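Keep in mind the model is a prediction, meaning the values are calculated, not measured. In what follows, chains carry the letters A, B, and so on, assigned in the order in which the sequence lines appear, proteins first and then strands, with residues in each chain numbered from 1.
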Protein chains: 2
Amino acid sequence: MTVDRSVLLPYLSKVERRRSLSEAASAAFMALPLEQHSYEIYRDILKEGDRPTRACLILTGVASRYSTLKNGTQQINSFHLAGDMVDLNAGLLTVSDSGIRTHTPTTVVTIGCEDILDLASDYPEWGRAFWFDTLVDASIFREWTVNVGRRTAVARVAHLLLEFNARLEKIGLGDGRAFVLPITQADLADAVGLSAIHTNRSIQRLRRSGAIRTHGRNFVIEDYPALVEEASFDPAYLQPEGPRR
Amino acid sequence: MTVDRSVLLPYLSKVERRRSLSEAASAAFMALPLEQHSYEIYRDILKEGDRPTRACLILTGVASRYSTLKNGTQQINSFHLAGDMVDLNAGLLTVSDSGIRTHTPTTVVTIGCEDILDLASDYPEWGRAFWFDTLVDASIFREWTVNVGRRTAVARVAHLLLEFNARLEKIGLGDGRAFVLPITQADLADAVGLSAIHTNRSIQRLRRSGAIRTHGRNFVIEDYPALVEEASFDPAYLQPEGPRR
DNA sequence: CGGCGGTTTGATGTGACTCAAAAAGAGTGG
DNA sequence: CCACTCTTTTTGAGTCACATCAAACCGCCG
């Protein structure tokens with residue numbers, strides 16, 4: 001299968017926006033062997049327990065990293081949108097405690113993790129870029145722990161809506177006030193550690209308070225400051241500014 | 001202040017156990033300029049909102065990374081024990097959304113983050129080592145999200161006790177069955193997203209079920225399989241095996 | 001012996017869960 | 001364009017896990 005390498009360009013420019021790369025480094029990246037895959041909705045890109053062998057860059061669609069507990073409940077750890085590199089860790093970690101699953105039809109390109117590791121050792125600038133990506137992920141994981149650990153139901157939901165709002169805007173899928181929620185309320189519930197029903201009721205509260213308006217999956221933030229206040233949302237954890245040096 | 005560089009050796013050998021380093025790389029590490037600091041109990045090593053400038057390696061004691069919410073509640077994101085490198089991210093992230101605080105008297109050595117970054121670009125093997133460290137952290141953060149998001153109170157507490165048990169054993173502060181819990185129950189509560197009182201009652205339940213025995217902060221695991229079952233604990237997330245390659 | 005941080009107990013309130021089912025959309029085929 | 005199904009959202013009622021408040025107890029240290 002031949003893959004159009006230009007799909008790598010958005011990620012490359014995302015990395016370069018943080019810190020420019022040498023000619024050789026970006027050329028090496030663009031020369032990486034690729035595979036392209038498409039998934040229907042609710043398919044596993046990586047099954048829980050499988051040993052990952054390829055990192056994957058999301059071109060379109062939405063995926064999540066999740067864990068399943070013995071009692072059957074699930075916890076979603078993070079969502080991955082277009083332009084996100086998922087499972088960069090693949091190369092370094094032996095075991096995958098969590099799976100990765102699509103929430104919409106999704107297309108990705110994958111890169112062998114050996115290639116990722118070689119790139120990182122041949123070009124320390126790539127090593128740093130991957131490290132930084134991992135740090136941003138870790139920062140989001142931390143914030144999510146705070147979210148499910150210490151916020152009320154309404155605040156949790158508000159917080160996740162604001163995260164989607166910010167991230168979707170950054171990739172051109174929203175204007176900072178309105179966006180299309182790319183997942184069901186049940187999935188949202190698995191992300192914020194609530195039952196689907198209570199998640200629904202929390203959304204209703206936000207609606208009645210006038211903070212948001214929805215029809216179907218279209219969300220409009222009517223009162224941004226109120227929503228931010230409700231969620232104690234501080235976008236710093238998304239690291240919008242890029243690395244320091 | 002002159003610092004005994006031999007304090008770096010444990011961390012060096014921890015890294016080398018995963019993957020050996022070149023002579024030059026380990027020499028460069030050992031030559032890093034260091035500062036040594038001591039902290040009393042409940043002191044901030046890094047305040048929330050401060051911009052970190054130095055990574056720090058814990059020599060003795062226990063510290064945690066925590067966030068404070070507007071309503072005054074706290075969530076602890078992770079604990080750091082002797083031999084852990086904390087705030088490696090310092091160099092790359094502009095903003096620190098969370099603080100780092102001691103839970104016992106603690107001694108550390110710190111390394112300027114410029115030096116860390118230089119080491120990583122001069123020796124890609126160090127870049128990889130730091131990246132791996134960050135991946136392990138991220139893996140623990142994920143597991144904690146699952147913990148507070150989807151487990152019952154008793155399971156959460158059991159899970160954290162098992163994590164302490166495993167990690168303390170690895171650094172020689174436990175035999176895999178008994179350990180001294182280095183934090184108060186109130187701190188434990190902030191880590192598992194419960195009230196201190198309910199945390200206490202959860203410990204009591206574990207005690208009455210015969211899974212554990214305690215006197216003061218001495219914990220003995222009486223029925224390891226039962227505790228593991230209760231917590232659905234799988235130590236894989238601690239990445240005990242080191243990286244794949 | 002007194003003070004203090006930490007642990008434990010008791011009583012009460014409530015936020016979130018569960019179960020069950022209705023309503024509303026969304027997609028499909030006739 | 002409508003009937004039919006399937007998924008998702010919404011409603012209602014009852015229950016339980018965990019929070020909160022208040023106070024007692026305990027061990028440790030000066």
Legend entry - Aromatic Tyr66(B) / basic Arg101(B) pairing, under 6.0 angstrom, 45° off normal: yes
Inset, instruction - Output the single nucleotide from dA16(C), dT8(C), dA19(D) whose closest atom is nearest the side chain of Leu194(B). - result: dA19(D)
Inset, instruction - When you get a sec, tell me which of dT18(C), dA16(C), dT7(C) is the closest nucleotide to the side chain of Arg217(B)? - result: dT7(C)
Legend entry - Gap between atoms CG and C1', on Leu188(B) and dT8(C) respectively (whole Å): 15 Å
Inset, instruction - Under 4.0 Å between any heavy atoms, over every strand shown, what does Ser195(B) touch: base, sugar-phosphate, or nothing? Just pick one. - result: base
Legend entry - Phosphate OP1/OP2 of dT8(C) contacted by Asn200(B) side-chain N/O (<4.0 Å): yes
Inset, instruction - Determine, using ring centers only, whether Phe219(B) and Phe164(B) are less than 6.0 Å apart. - result: no
Legend entry - Separation of atom CZ in Arg151(B) from atom C1' in dA17(D), rounded to whole Å: 17 Å
Inset, instruction - Classify the side chain of Arg201(A) and the base of dG12(D) as holding, or not holding, a donor-acceptor pair under 3.5 Å. - result: yes
Legend entry - Carboxylate-amine/guanidinium contact Arg151(A) Glu143(A), below 4.0 Å: yes
Legend entry - Distance in angstrom units between Asp187(A) CG and dT7(D) P, rounded: 14 Å
Legend entry - Given DNA chain C, 5'-ward residue of the pair Gly216(A) and Val154(A), judged by closest heavy atom: Val154(A)
Legend entry - Distance, rounded to the nearest Å, where Ile203(B) contributes CD1 and dT7(C) contributes P: 8 Å
Legend entry - Side-chain touch Ile212(B)/Glu222(B), heavy atoms, less than 4.5 angstrom: no
Inset, instruction - Classify the side-chain pair Thr68(B)/Gln74(B) by whether it contains a donor and acceptor separated by less than 3.5 Å. - result: yes
Inset, instruction - Compare the minimum distances between each of dA16(C), dA19(D), dT8(C) and the side chain of Gln185(B), then state the nucleotide with the smallest one. - result: dT8(C)
Inset, instruction - Rounded off to whole Å, could you give me the CZ-to-P distance for the Arg208(B) and dT8(C) pair? - result: 10 Å
Legend entry - side-chain N/O Gln204(A) vs dT9(D) OP1/OP2, d < 4.0 Å: no
Legend entry - For atom CZ of Arg150(A) and atom P of dC18(D), their distance in whole Å: 13 Å
Legend entry - Nearest-angstrom distance from the residue atom CD1 of Ile197(A) to C1' of dA20(C): 9 Å
Inset, instruction - Could you check whether Arg207(A) gets within reach of a base, just the sugar-phosphate, or nothing at all, counting any heavy atom under 4.0 Å? - result: sugar-phosphate
Inset, instruction - Report the distance from atom OH of Tyr42(A) to atom C1' of dT8(D), rounded to the nearest whole Å. - result: 9 Å
